[in-house]
2 protein chains.
Amino acid sequence: MDRALKNINYKEETKELAVFAKALAHPTRIAILKHLDNQTCCFTGDLVEVFPLAQSTISQHLKELKNAGLIQGELKPPKIRYCINQQNWNKAKLLFERFFV
Amino acid sequence: MDRALKNINYKEETKELAVFAKALAHPTRIAILKHLDNQTCCFTGDLVEVFPLAQSTISQHLKELKNAGLIQGELKPPKIRYCINQQNWNKAKLLFERFFV
DNA sequence: ATTCCTTATCGCAAATGTACGATTGGTAGA
DNA sequence: TCTACCAATCGTACATTTGCGATAAGGAAT
């Protein structure tokens with residue numbers, strides 16, 4: 001295993017920024033975040049209606065955003081309410097600011 | 001062709017942001033940009049010495065950064081001098097700022 | 001025209017990303 | 001306990017990304 005994402009010792013900040021950037025590297029995920037930010041929060045089902053994508057696809061994008069730490073889910077049976085994770089959002093904001101001189 | 005990057009009509013701003021984010025979605029490219037920013041400019045060969053990656057790999061990353069518009073190359077025979085594209089850099093900076101509330 | 005140095009591109013292999021439909025899982029209420 | 005609803009996960013297919021070595025391409029100087 002020495003291909004694809006070779007292990008180089010980058011600074012922690014660099015790696016974190018790359019993770020956040022990767023989460024934003026797809027227009028659907030950016031649109032989801034914008035939507036979440038406007039609505040404060042929303043349910044998965046709402047997004048499935050807003051975007052012309054399968055429920056599984058939306059769910060996958062949400063998973064990636066969650067893995068990157070940008071959103072968090074809250075059980076609100078039988079739905080799940082997703083919100084921006086404000087703490088990590090601020091962290092990402094800071095990292096991007098620091099990066100762009 | 002209805003897989004991978006399905007054609008949805010996202011706002012221009014959303015798509016542009018995704019392109020910039022994608023360019024930053026790899027730690028090597030972030031590190032290259034940081035290096036460029038510190039040194040103002042540098043040659044491909046310098047980067048090949050700084051990073052433990054093949055010359056072709058570095059060249060590929062440079063190509064992606066160039067395609068995203070974040071850097072530009074200037075002929076300085078027999079080398080090529082890469083610099084930040086300040087105009088697009090500012091554009092990206094603005095888009096990220098606008099995105100992060 | 002030829003040679004030399006640097007960088008881009010090609011061809012390949014493996015990993016990851018993106019999308020779908022189908023299935024499973026988890027919670028609240030009947 | 002059973003059912004119904006919603007969302008996550010599985011399995012699949014294809015595209016893209018990431019890495020390498022090898023080769024081609026470009027410009028300057030001889």
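Each chain gets a letter, A, B and so on, in the order the sequences are listed, and its residues count up from 1.
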Set of side chain to side chain donor-acceptor pair (under 3.5 Å) partners for [X], sequence neighbours left out:
X	result
B:Glu13	B:Arg98
B:Lys11	none
B:Glu64	B:Arg29
B:Gln72	B:Asn85

Once base and sugar-phosphate atoms are separated, protein heavy atoms under 4.0 Å mark nucleotides 24-30 of chain D, 5' to 3', with B, S and - as ---SS--
Qualifying disulfide bond (SG atoms under 2.5 Å apart) pairs, either residue in residues 6-36 of chain B, two or more places apart: none
Rounded to whole Å, how long is the line connecting atom [atom1] of [X] with atom [atom2] of [N]?
X	N	atom1	atom2	value
A:Lys22	C:dG17	NZ	P	4 Å
A:Leu53	C:dA19	CG	P	6 Å
B:Glu49	C:dC5	CD	P	15 Å
A:Asn67	D:dA8	CG	P	12 Å
A:Leu65	C:dG17	CG	C1'	14 Å
B:Tyr10	C:dT18	OH	P	11 Å
A:Arg81	C:dT27	CZ	P	18 Å
B:His61	D:dT18	NE2	P	6 Å

State whether B:His26 places a side-chain N or O below 4.0 Å from either non-bridging phosphate oxygen (OP1 or OP2) of D:dG19. yes
Residues which pass side chain to side chain contact (heavy atoms under 4.5 Å, CB included) with A:Ile80, listed by chain and number, not counting sequence neighbours: A:Leu75, A:Tyr82
Within the side chain of B:Asn90, is there an N or O that forms a donor-acceptor pair under 3.5 Å with the backbone of B:Gln86? yes
When you measure from the side chain of A:Lys93 to the backbone of B:Phe100, do you find a donor-acceptor pair of N or O atoms at a distance under 3.5 Å? yes
Which nucleotide wins on minimum distance to the side chain of A:Ala54, given the candidates C:dT16, D:dG19, C:dG21? C:dG21
What parts of residues 28-37 of chain A reach DNA chain D, counting only heavy atoms under 4.0 Å away? none
Keeping to residues at least two apart or across chains, list the side-chain hydrogen bond (donor to acceptor under 3.5 Å, both in side chains) pairs with something in residues 39-59 of chain A. none
I'd like a list of close polar pairs between nucleotides 8-12 of chain C and the protein, N/O only, cut-off under 3.5 Å.
unit_1, atom_1, unit_2, atom_2, d
C:dA8, OP1, B:Tyr82, OH, 2.0
C:dA8, OP2, B:Ser59, OG, 2.6
C:dA8, N7, B:Gln55, NE2, 2.8
C:dA8, N6, B:Gln55, OE1, 3.0

My understanding is that only residues two or more places apart in sequence, or in another chain, count here; which of them pass ring-ring contact (aromatic ring centres under 6.0 Å, His included) with A:Phe99? B:Trp89
Report the residue (A:Ile8 or A:Asp46) whose heavy-atom-nearest nucleotide on DNA chain D is the more 5′ of the two. A:Asp46
B:Lys15: what forms a salt bridge (charged side-chain N to carboxylate O under 4.0 Å, His left out) with it, not counting sequence neighbours? B:Glu12
